[in-house]
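One structure below.
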Amino acid sequence: MIYEGKQKIWSDYQKDIPDDHYFYVRSCIRQSFFPASEATFLDITRNRLGKDIFETEHHTTCGGIAYHSDTIPQETVMTIIARQFALMAKHGYENYVCSCITSFGLYCETLETWREFPELEAKIRENLWKSCKLEFAKPKFLIHASDLIYKYRNQIAAQAVRKLVNVHTGEPLKVVEHIGCHYSKMFPSKGVGGAEYPYVLVGMIEAWGGEIVDYPERRHCCGFGFRQYFIKGNRGYSLSNTHKKFESMEPFKPDLIITNCPGCPYFLDRWQYVIAESTGKTYGQDGHGIPALTYEEVAGLVMGYDPWDLGLQTHQVGVEPLLDKMWVEYDPAKKFLGKNGKDLGAPAPCACLK
Amino acid sequence: MGKLYDLLMQDYRLKEGLNACINCGTCTAICPAAEFYRYDPRRIVDIVQSQDDNEIEKLLKSDTIWYCGECMSCVTRCPRKNAAGLIIMSLRNLSIELGYFIESEKGRQQFLLTKDLCSNVLDYGYCVYPRRFDYAGHPEAGRVWEWEEKHLDDVFERLGGNLDGKGPGAMRRIPQEDRDQLKAIFDITGATSRMEKVQAAGEKKAAELGMTMEEFTQMVYTTSDPKHLNH
Amino acid sequence: MVDFGFGLVPSSRINLDLFDKDKYRELVKIEPDARICMACGSCTAVCTAGKFVHTSLREAIEDILNAKNDKALESLQACQLCGKCSMVCPRGINTRHLILSINKVYSAK
Amino acid sequence: MKNNILIIGGGPAGLESASQLQRMGYNVILIEKSPKLGGHLAKWDRLFPDSVPADEVLGGLLRGAEGVKCFTDTDVRAINRLDKSYNVRLTNGITVLSDAVLVASGFDLFDAVKKEEYGYGVYDQVMTNADLEAYFKTGTDRRIENPGKIGFAHCVGSRDEKAGCRSCSKVCCATAVKQAIEMKQAFPNAEVFCFYMDLRLFGRHYEDIYLKAQKEYGVRFIRGRVAEVSENYDGTLLVKAEDTVAGKPLKVTLDLLVLMAGMRPSGVGKAIGDLLEMPVEEDGYFAVRSGIAASQRSPIPGIFLAGAATGPKTLPETLADARAAAMEVDRYLTEIFPDAKNYKQLVKERW
């Protein structure tokens with residue numbers, strides 16, 4: 001691997017990321033499965049870095065998952081998107097940051113399609129007025145939330161209490177990055193670092209002291225596939241694609257997987273569980289899995305957040321070996337407690353996956 | 001030029017996604033579906049650009065067009081700037097419009113997907129809503145989800161969420177007025193009539209097969225003929 | 001082991017790393033022309049058996065190179081050795097001889 | 001009085017036309033931007049289809065051009081069109097009053113780095129056709145150490161709109177077959193794979209080397225474009241394509257992948273073209289007066305073209321083109337140029 005070669009490509013794909021004043025839009029999957037990640041994003045940007053990140057309760061899904069499951073027409077999803085943009089303008093913002101990669105890709109595609117087919121934009125404008133009585137607007141800057149953390153990576157590093165380093169060996173942690181397919185595969189220029197060697201997560205890992213591991217199936221999809229996951233009969237597709245990735249990364253012995261897509265950390269986590277429970281195979285050390293974390297969770301760890309505040313207990317793959325390597329203090333007894341120490345019991349143990 | 005091809009060409013995704021294919025196979029080489037299904041996206045693009053209505057009709061009624069996961073990995077690589085993934089989306093759209101989707105096992109799954117995802121959007125304003133994500137139907141969500149499901153309110157409270165709460169926050173209750181707007185968007189952009197069409201096709205198919213809706217739903221959710229896979 | 005109601009599915013990907021070099025060396029020793037097929041498909045187009053049962057010399061040669069030896073034999077199973085393919089091969093391959101040799105080499109375990 | 005003719009570019013096309021024009025009695029001035037004459041040919045080891053040493057061919061060209069005023073390390077600083085002639089200021093301080101200008105600016109090899117998914121300059125074991133020729137010439141390359149499995153990826157920067165190059169580079173298929181054979185000669189135990197979309201082996205003897213590659217060297221030809229390259233833990237490469245004949249995705253582990261970088265319009269040529277206000281076509285190569293009947297004449301009177309400046313060409317095509325260009329220059333300088341009174345009318349009728 002020639003690092004300078006990658007640097008050269010990275011330098012070709014820079015994008016403008018405004019420093020402040022964003023209209024924030026949540027992700028359906030992340031809210032459902034990683035609510036603490038979005039909370040951490042807002043806490044870091046607003047409270048630690050003092051940025052203006054505005055959220056309105058009136059925003060909704062972008063409809064992306066329904067659209068990519070082919071259940072709603074293109075015109076529907078575009079009008080929902082126009083509504084989101086209109087809310088942004090209504091609140092006086094022009095920088096739009098979204099938590100979801102499916103949304104991000106869809107916003108990029110929508111803006112591009114409108115640019116190419118002005119008659120379609122006119123139709124959507126009309127739809128929006130008819131259905132919502134809202135004024136059509138477009139964002140000046142469209143940013144994914146990981147772009148913003150990437151932008152602030154050095155400020156975060158400056159506030160960090162620890163690094164992505166194995167304290168027992170002094171070696172940097174070996175980190176695998178997984179970029180959501182819709183981040184830059186459709187529009188390479190819209191992603192930090194492009195489509196082939198995205199830099200958005202690499203930049204964070206480097207800034208926080210870890211070592212990035214490139215493995216052959218890095219660019220491969222996690223296998224979500226929308227309909228390929230939602231329908232039980234199709235899940236073999238989804239599982240097999242994640243399996244392919246793990247088989248490929250196994251020789252590199254990564255300590256951690258970092259992701260920027262809502263579904264990917266869920267799938268890279270849960271499919272390890274399914275592989276372990278149905279075949280006995282595990283990919284971490286001594287029967288453990290490889291933790292697949294969101295970028296906010298990783299940022300939170302280096303900034304000294306409590307792992308259970310970050311929601312790491314909601315991963316099926318145990319994170320304790322990682323926390324031990326990083327010398328993160330945590331109380332095992334508090335892992336599954338509710339607010340104010342409420343006893344919620346604990347998940348049943350797995351048969352195979354530690 | 002055929003009638004079905006003309007219908008396809010009205011779709012902006014096809015206008016964007018179809019240029020002259022040179023059958024180089026770049027899309028298939030890296031397609032997640034091509035490895036695990038009997039699927040070759042290159043063939044799909046080739047058939048569509050042939051403008052052969054008979055072949056296109058076969059496609060629209062087949063399982064083949066439902067194998068793609070819409071990851072769009074093909075878009076990055078095509079040397080002719082085709083987007084196989086977008087072409088698939090247009091084909092699926094037309095297959096649903098013409099009611100052909102119900103003919104194939106994989107296409108029929110739209111019945112369930114449309115019902116679940118659209119009602120999530122209209123009822124809650126989200127595509128995915130955790131109270132409708134049950135461990136029984138999702139055993140792969142793990143023991144940890146089994147636990148979360150039991151304590152959903154407490155878990156959300158612990159993790160800084162706002163499940164069904166007022167104001168902003170993760171999984172807040174989206175105000176009725178906003179959901180009304182989503183419904184209005186559905187109504188004027190064809191999503192509502194799409195939902196009705198898909199529902200009716202499902203009911204008709206269930207009756208044809210002599211199944212109750214519950215049986216039909218269960219079948220659609222779980223079955224997967226081995227013919228889809230490679231051996 | 002837990003049954004989730006679905007599982008890993010087989011891969012169709014051709015893996016050239018599995019190509020059986022030794023067998024192939026054996027084949028081309030007696031059948032050097034196995035190497036010069038251009039995959040034009042003339043043989044398959046005129047195949048007598050192929051009209052009724054899946055039969056294709058082109059595919060068999062491909063399958064061998066793609067590390068699918070069993071599939072290669074399957075593709076030739078219904079061959080009647082009528083020899084029409086040898087009349088049309090633009091590279092002048094003695095196809096009947098080749099088919100016999102493939103069967104001989106690849107049937108041997 | 002002998003006419004001055006300025007030839008821009010000291011590769012095969014420039015040298016061959018210089019040689020011909022000198023023989024016809026013209027006063028030829030040839031400039032070459034790089035320090036050495038010979039262009040890409042000087043960097044190549046052997047030539048398809050018959051593996052003739054490149055040095056031999058270049059030697060012949062250089063001998064033919066003996067006596068021509070050649071300035072290396074020299075570029076054009078400024079050009080003024082006078083009534084009929086060109087006043088050309090060179091970067092070496094010399095000013096040439098030239099009655100005809102022949103642009104033989106050749107081509108650039110496609111910068112393989114741009115095809116990011118192939119990992120040239122990122123993955124250690126990826127090289128280009130030019131790198132491999134350099135290896136054949138020098139016998140050393142850190143990437144080549146008894147490779148067991150070698151791949152050739154055709155159409156790198158050719159027939160690829162994503163990379164901004166729609167056209168076919170014409171020579172890469174034959175070059176790949178030649179290099180595949182040469183690698184088998186160097187490493188008889190290696191397995192060699194060529195990934196192609198169409199084998200464009202159109203020229204005399206080209207099909208013969210294809211057959212030879214299959215028959216004598218066991219080169220495997222796979223019809224599918226390389227889609228992605230990545231690096232395995234042990235530093236070998238994982239290469240993915242579709243075998244489009246089988247209709248299945250395919251992977252192979254390789255020790256070395258050679259990218260057949262295609263021809264692109266010369267960047268240096270483009271700068272000179274801008275000075276001369278020479279029109280280019282959509283593919284980036286210089287436009288000609290007529291693609292069939294006058295393919296060595298630019299649309300601008302007095303400016304001629306030879307070789308790959310007007311699109312990908314094989315070496316024999318380039319040399320033939322260079323000789324044709326010389327004839328065209330001669331025709332212009334004898335039939336049109338001398339008639340000062342009717343010059344404009346003659347240009348109108350006969351350019």
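Below, read A as the first sequence line, B as the second, and so on, with proteins coming before strands; counting in each chain starts at 1.
Checked by atom type and distance alone, the side chain of A:H182 pairs as donor or acceptor with a backbone atom of B:E70 at under 3.5 Å. A donor-acceptor pair under 3.5 Å links the side-chain atoms of A:E55 to the main chain of B:G169, judged by distance alone. Between the side chain of B:R194 and the backbone N or O of A:I72 there is no donor-acceptor pair closer than 3.5 Å. Looking only at distances, a side-chain donor or acceptor of B:Q110 sits under 3.5 Å from a matching main-chain atom of A:S69.
Heavy-atom pairs under 4.5 Å with chain A peak, among B:V144, B:I174, B:D225, at B:V144. Between chain B and the options A:G64, A:A66, A:C132, the largest number of non-hydrogen pairs under 4.5 Å is found for A:C132. The residue among B:A184, B:P175, B:A170 with the most heavy atom pairs within less than 4.5 Å of chain A is B:A170. Note on A:F226, A:W271, A:F117: by heavy-atom pairs under 4.5 Å with chain B, the leading option is A:F117. Heavy-atom pairs under 4.5 Å with chain A peak, among B:V75, B:I30, B:V128, at B:V128. Contact count versus chain B (heavy atoms, under 4.5 Å) is highest, among A:P349, A:P188, A:A346, A:G311, for A:A346. Each of A:E277, A:R235, A:K339 has some count of heavy-atom pairs under 4.5 Å with chain B, and the biggest count is that of A:R235. Ranked by heavy-atom pairs under 4.5 Å with chain A, the first of B:G85, B:A33, B:C74 is B:A33. Chain A forms more heavy-atom pairs under 4.5 Å with one residue of B:D187, B:L112, B:L152, B:L182 than with any other, namely B:L182. Most heavy-atom pairs under 4.5 Å with chain B, from the set A:S99, A:A82, A:S240: that is A:S240. Comparing A:T102, A:L120, A:L353, A:I124 by how many heavy-atom pairs each has under 4.5 Å with chain B, the most go to A:L120. Between chain A and the residues B:F101, B:F186, B:Y37, the most heavy-atom pairs under 4.5 angstrom are made by B:Y37.
If you measure heavy-atom distances from B:R173 to chain A, you find no contacts under 4.5 Å at all. The parts of A:H68 that come within reach of chain B are both its backbone and its side chain, each placing non-hydrogen atoms under 4.5 angstrom from that chain. When heavy atoms are compared at a cutoff of 4.5 Å, A:F336 approaches chain B by way of both its backbone and its side chain. Of the atoms belonging to A:T314, heavy atoms from both backbone and side chain fall under 4.5 Å from chain B. The contact between A:A39 and chain B is made entirely by side chain atoms (from C-beta outward), counting heavy-atom distances below 4.5 Å. For B:S73, the parts sitting under 4.5 Å from any heavy atom of chain A are the backbone and the side chain alike. The part of A:H315 that comes within reach of chain B is its backbone (N, CA, C, O), which places non-hydrogen atoms under 4.5 angstrom from that chain. Proximity to chain A is limited to the side chain of B:D11, based on heavy atoms less than 4.5 angstrom apart. With a 4.5 Å cut-off on non-hydrogen atoms, A:L337 touches chain B through its backbone but not through its side chain.
For A:K133, the NZ atom is densely surrounded, since the number of other residues' heavy atoms within 6.0 Å is greater than 12. More than 12 heavy atoms of other residues, nucleotides or ligands shown are found within 6.0 angstrom of CD on B:E177. Summarising the local packing, NZ of A:K335 is surrounded by more than 12 heavy atoms from other residues, nucleotides or ligands at distances under 6.0 Å.
No option in B:T189, B:I185, B:D180 other than B:I185 meets the side chain to side chain contact (heavy atoms under 4.5 Å, CB included) test with A:S131. Under the ring pair (Phe, Tyr, Trp, His ring centres under 6.0 Å) rule, B:H138 has a single partner from A:Y273, A:F230, A:Y229, A:F33, which is A:Y229.
Looking at heavy atoms from C-beta onward, B:L113 lies in side-chain contact with A:I231 at the 4.5 angstrom threshold. Within the 4.5 Å cutoff, no side-chain heavy atoms of B:L86 are placed close to those of A:M186. At least one side-chain heavy atom of A:Q313 sits less than 4.5 Å from a side-chain heavy atom of B:L159. Here the side chains of A:P347 and B:E146 are not in contact, with every heavy-atom distance at 4.5 Å or above.
Atom CD of B:E105 and atom CG of A:N234 lie 8.0 Å apart (nearest 0.5 Å). Atom OH of B:Y12 is separated from atom CD of A:E109 by 13.5 Å, given to the nearest 0.5 angstrom. Rounding to the nearest 0.5 angstrom, the gap separating the NE2 atom in B:H151 from the CG atom in A:L344 is 5.5 Å. Interatomic distance, OH of B:Y67 versus CZ of A:R227, reported as 10.0 Å (0.5 Å rounding). Rounding to the nearest 0.5 Å places CG of B:D154 at 10.0 Å from CG of A:D343. To the nearest 0.5 Å, atom CE of residue B:M171 and atom CZ of residue A:R30 are 13.5 Å apart.
Of all non-hydrogen atoms in B:D178 and A:E57, the two that sit nearest each other are OD2-O, 4.5 Å. The minimum heavy-atom distance linking B:C118 with A:T71 is given by the pair SG-OG1, 3.8 Å. For A:T61 against B:Y126, the heavy-atom pair with the smallest separation is CB-CA, 3.8 Å. Minimum heavy-atom separation, A:Q228 to B:W66: NE2-O, 3.0 Å. The shortest non-hydrogen separation linking A:C181 to B:C71 is CB-O, 3.2 Å. Of all the heavy atoms in B:R143 and A:Q316, the pair that sits closest is N-OE1, 2.8 Å.
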ask   = So A:K232 and B:T222, side-chain hydrogen bond (donor to acceptor under 3.5 Å, both in side chains) or not? Walk me through it.
value = CA-CA 5 Å; A:K232 191 173 185 176; B:T222 54; over 6 Å; no
query = Yes or no on side-chain contact (heavy atoms from CB on, under 4.5 Å) for A:K342 and B:E157, after CA distance, side-chain angles and deciding distance?
reply = CA-CA 11 Å; A:K342 186 176 174 186; B:E157 193 185 11; over 6 Å; no
task = Determine, stepwise, if the pair A:K244 / B:E35 fulfils salt bridge (charged side-chain N to carboxylate O under 4.0 Å, His left out).
result = CA-CA 10 Å; A:K244 178 172 165 172; B:E35 181 169 354; 2.4 Å; yes
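Ring planes of A:Y266 and B:F133: perpendicular class, angle over 60° (limits at 30 and 60°).
The list of salt bridge (Lys or Arg N to Asp or Glu O under 4.0 Å) pairs with a residue in residues 110-126 of chain B, not counting sequence neighbours, reads B:D123-B:R132.
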